[in-house]
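Structure, as structure tokens:
Just so it is clear, the model here is predicted, and its values are computed rather than measured. Letters A, B, ... are given to chains in the order of the sequence lines, protein chains preceding strands, and every chain is numbered from 1. We use all heavy atoms of the structure for the numbers below, so side chains are in, but hydrogens, waters and symmetry mates are not.
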2 protein chains.
Amino acid sequence: MKIRPSTDSDRDAIWNIFHEVVAAGDTYALDPNISREDALAYWFASGTHTYVVEQPTIGIAGTYILRPNQSGGGSHIANAGFMVSAFARGQGLGRAMAEHCLSEARRLGFRAMQFNYVISTNAAAIQLWQDLGFEIVGTLPDAFRHPEKGYVEVYVMYRSLMA
Amino acid sequence: MKIRPSTDSDRDAIWNIFHEVVAAGDTYALDPNISREDALAYWFASGTHTYVVEQPTIGIAGTYILRPNQSGGGSHIANAGFMVSAFARGQGLGRAMAEHCLSEARRLGFRAMQFNYVISTNAAAIQLWQDLGFEIVGTLPDAFRHPEKGYVEVYVMYRSLMA
């Protein structure tokens, strides 16, 4: 697999993955009916670095974004978001993108990385972030309305990049 | 004092307060040099409710915003931001706006309110939020670069509106 910065010609593939992930409505606090235009505006926002993971025969199977979590006095902390196409899950793409992302964040000079909204039912993501050195630094009660499980907790997760 | 939804004619007064607060650079993670256009786009974003507090003789002395903290499955939690003009501090405007805001959030059907980024050096704000029933539910290490104090902690604060 190859992870690289995205180009304009990746937009269709990214939208397909984005739409699939967000329509499921169980991992992101985004409108499941978000338009292609709004989705791509979010994923390619000013100041956001966008990457894709390419598999040899099947093409683009995942995408991630890396950006400052805040502006001004908060811009030294990175934030990131990851999406993997359903057909490509369980193959280590998430982990590969996360490791690439941590490396890119260090290269860009960020001092730490924070995830603002890790839904507590997303066990695979939480396990991966903990494996990669992230800790739960905040717990938001009933912050996500899960399509099947109702109101569930959301975690804020954080790791330093200074070690 | 009177607290009311803002109108287009309040934009100059809001920008004056916004600019003063953000230029100080010690309470918001926003670019201290943000343009008037970007500031007003942020304060009047789609889906954001914007209010002002008016004093009898001096006019608009504070402003606040109320909005969903997330989209989709996270839209039942409110977020808010408050700004008081330097000349009007210590007169209870922050508390009056916060109480108004909690009432508005309940009226709009939000189940809870969350502040994502309360800088630990902002003692007056933390005291006020705790007085109003907010708890610290997350602590972000070194998340804010304070102009005088260097890297300081940031809190995530939360209160239910269901009681």
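Transitive grouping of hydrophobic side chains (ILVMFWY, heavy atoms separated by less than 4.5 Å) keeps Ile119(A) and Tyr42(A) in distinct clusters. Under the 4.5 Å side-chain heavy-atom criterion for grouping Ile, Leu, Val, Met, Phe, Trp and Tyr, Phe44(A) is not connected to Tyr51(A) through any hydrophobic cluster. Tracing side-chain contacts under 4.5 Å through hydrophobic residues (I, L, V, M, F, W, Y), one reaches Met97(B) starting from Leu161(B); they form part of the same cluster. Linking Ile, Leu, Val, Met, Phe, Trp and Tyr whenever their side-chain heavy atoms come within less than 4.5 Å puts Ile34(A) and Val21(A) in one cluster. Tyr28(B) and Ile17(B) end up in the same hydrophobic cluster when Ile, Leu, Val, Met, Phe, Trp and Tyr side chains are linked at under 4.5 Å.
The distance from atom CG of Asp38(B) to atom OG of Ser71(A), rounded to the nearest 0.5 Å, is 9.5 Å. Rounded to the nearest 0.5 angstrom, Asn69(B) CG and Leu140(A) CG are separated by 8.5 Å.
His76(A) places a side-chain N or O within donor-acceptor distance of the main-chain N or O of Asp142(B), the cut-off being under 3.5 Å.
Proximity to chain A is limited to the side chain of Tyr117(B), based on heavy atoms less than 4.5 angstrom apart. Both the backbone and the side chain of Val137(A) come within contact range of chain B, each with at least one heavy atom under 4.5 Å from a heavy atom of that chain. Looking at Tyr158(A), the atoms closer than 4.5 Å to chain B (heavy atoms on both sides) all sit in the side chain, from C-beta outward. Both the backbone and the side chain of Pro141(B) come within contact range of chain A, each with at least one heavy atom under 4.5 Å from a heavy atom of that chain.
Counting heavy-atom pairs closer than 4.5 Å to chain A, the top-ranked of the candidates Ala143(B), Gly138(B), Gly74(B) is Ala143(B). By number of non-hydrogen pairs under 4.5 angstrom with chain B, the leading residue of His146(A), Gln114(A), Arg111(A) is Arg111(A).
Listed here is the closest heavy atom pair of Arg145(B) and Ser75(A): NH2-OG, 4.0 Å. The nearest pair of heavy atoms linking Gly72(A) to Pro32(B) is CA-CD, 4.4 Å.
The number of heavy atoms from other shown groups lying within 6.0 Å of CD (Glu99(B)) is above 12. Annotation for Gln130(A): atom CD counts as buried by contact number, over 12 foreign heavy atoms lying within 6.0 Å.
Phe144(A) places none of its side-chain heavy atoms less than 4.5 Å from the side chain of Gln70(B).
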